[in-house]
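Let me begin by presenting the structure, written as C-alpha cells, before commenting on it.
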Amino acid sequence: MYSPVKKYTAELIGTFVLVLFGCGSAATAGGQLGHLGIAFAFGLSIIALAYVIGPISGCHVNPAVSLAMWLNKKLSGRDFAGYLLSQTIGAIAGAALLYAIINSTGEAVTGLGQNGFGAGYGIGITAWMAVVVEIVLTFVFIFAILGVTSGTSNSNVSGIVIGLTLAFVHILGIGLTGTSVNPARSFGPAILLGGDAFSQLWVFVTAPFIGAILAVIAYRTLHKLNK
C-alpha cells in the first residue's frame, strides 16, 4: 500500500507528462503530425504512464477519471481531493514548461495545445455543441476505463486499452474541440494563455465531469440488468 504523498506525487508527475507531451506535440508539431499523430501522442503517454505509476496511484492523471473512481467507490473522498489538486498542479507545471520552451525561441506563445470552439477553432462548432461533444467523448473514455479495470484479469492490458481509447476519442475530437476529456489537461494551458482559452474553459471543466457521471450511471445500470 502506497502512502497518500506517493500517490499524489505520482498523479502530479503523470499529469505533467501528459500535458507536456500531448499538448506539446499539438503546439510544436501539430502540422507535421496531423490529428492522428497528436492523438497517439496523448494515447502513448497514458500507455507509458500506466505501467510506471499505475501500481502507485492507478494512473488517473485526469480529474474526470478520479471522479468516476470515487463514485464507483474505488477512491476515498480524501484521495479524490488530493488527486484533483495534484493533477491540477501537474497540468500547470507541464503547460508552464511547454510555454517556456516555445517562448525561448523568441516567438510569441499563441498555442499550448489548448481546447476551444467557435470561429477560428477546428470546424467552428458552437459552445453548446462543444459541451455535447465533450460529454460524449468523455463518456466513451470513462466507460472503457470502468470496463477494463473491473477485474484483475485485465490488469496486464488495461494500460494499453485505456491509452488506445484515449487516442481513439482524440481522432474524432481534435477537429472539434481539440479533445479535452480531462479538466486538468485543459486548465493548464488555459490558465497560462488567458483570452479565449480561459473564457471557454468552463466547457472543458464541466462537460468531462458530466460525461464521467453518465458513464458511471450507464455502467452500473448495465451490470444491474445483467444480474
Side-chain angles (χ1 to χ4, degrees), residues 13-50 59 61-65 87-125 127 129-130 133-134 136-138 140-141 162-205 207-208 211:
I13 293 171
T15 314
F16 168 85
V17 170
L18 178 70
V19 170
L20 178 61
F21 283 82
C23 295
S25 296
T28 64
Q32 293 75 32
L33 292 172
H35 290 184
L36 192 60
I38 297 168
F40 274 98
F42 278 99
L44 291 173
S45 295
I46 290 297
I47 292 174
L49 290 167
C59 188
V61 297
N62 182 339
V65 174
Q87 292 157 357
T88 302
I89 294 171
I92 294 172
L97 178 55
L98 178 58
Y99 187 101
I101 291 170
I102 298 172
N103 191 53
S104 71
T105 66
E107 298 290 331
V109 181
T110 58
L112 293 174
Q114 67 272 19
N115 300 112
F117 54 83
Y121 194 103
I123 65 171
I125 63 175
M129 186 52 65
V133 166
E134 285 294 328
V136 171
L137 295 177
T138 309
V140 172
F141 182 49
I162 293 169
L164 290 178
T165 304
L166 183 60
F168 165 62
V169 299
H170 269 79
I171 292 170
L172 172 63
I174 287 173
L176 303 177
T177 62
T179 311
S180 172
V181 305
N182 183 336
R185 166 261 185 275
S186 299
F187 186 82
I191 202 72
L192 288 172
L193 285 176
D196 287 343
F198 187 76
S199 66
Q200 296 178 354
L201 181 61
W202 65 274
V203 169
F204 307 107
V205 172

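What you see is a predicted model, and the numbers here were worked out from it, not measured in a lab.
- Residue pairs meeting the side-chain hydrogen bond (donor to acceptor under 3.5 Å, both in side chains) criterion with at least one member in residues 166-180, sequence neighbours excluded: E134-T177, S180-S186.
- In this structure, the side chains of L18 and F42 come closer than 4.5 Å at one or more pairs of heavy atoms.
- Applying the side-chain hydrogen bond (donor to acceptor under 3.5 Å, both in side chains) test to residues at least two apart or on different chains, none of the pairs has a partner in residues 20-45.
- Contact check for N115 versus R185: side-chain heavy atoms found under the 4.5 Å cut-off.
- Applying the side chain to side chain contact (heavy atoms under 4.5 Å, CB included) test to A95 and every residue at least two apart in sequence or in another chain returns V19, P189, L192.
- For residues 91-104, there are no side-chain hydrogen bond (donor to acceptor under 3.5 Å, both in side chains) pairs, not counting sequence neighbours.
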- Message: Could you go through I102 and L112, starting from their C-alpha distance and side-chain angles, then the distance that decides it, and tell me whether this counts as side-chain contact (heavy atoms from CB on, under 4.5 Å)?
- Response: CA-CA 9 Å; I102 298 172; L112 293 174; 4.0 Å; yes
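- L20 meets the side chain to side chain contact (heavy atoms under 4.5 Å, CB included) test with F16, L97, L98, I101; sequence neighbours excluded.
- Expressed to the nearest 0.5 Å, how far CZ of F187 lies from CD of Q87 amounts to 13.0 Å.
- The OG1 atom of T15 lies 7.0 Å from the CG atom of N182; values are rounded to the nearest 0.5 Å.
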- Criterion side-chain contact (heavy atoms from CB on, under 4.5 Å) on F117 and Q200, from CA distance to verdict: CA-CA 8 Å; F117 54 83; Q200 296 178 354; 3.4 Å; yes
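- By the side chain to side chain contact (heavy atoms under 4.5 Å, CB included) test, L176 is found to be paired with I123, I125, V133, L172, residues two or more places apart in sequence or in another chain being considered.
- In terms of the side chain to side chain contact (heavy atoms under 4.5 Å, CB included) criterion, residue partners of L44 (sequence neighbours excluded) are, by chain and number, F40, I47.
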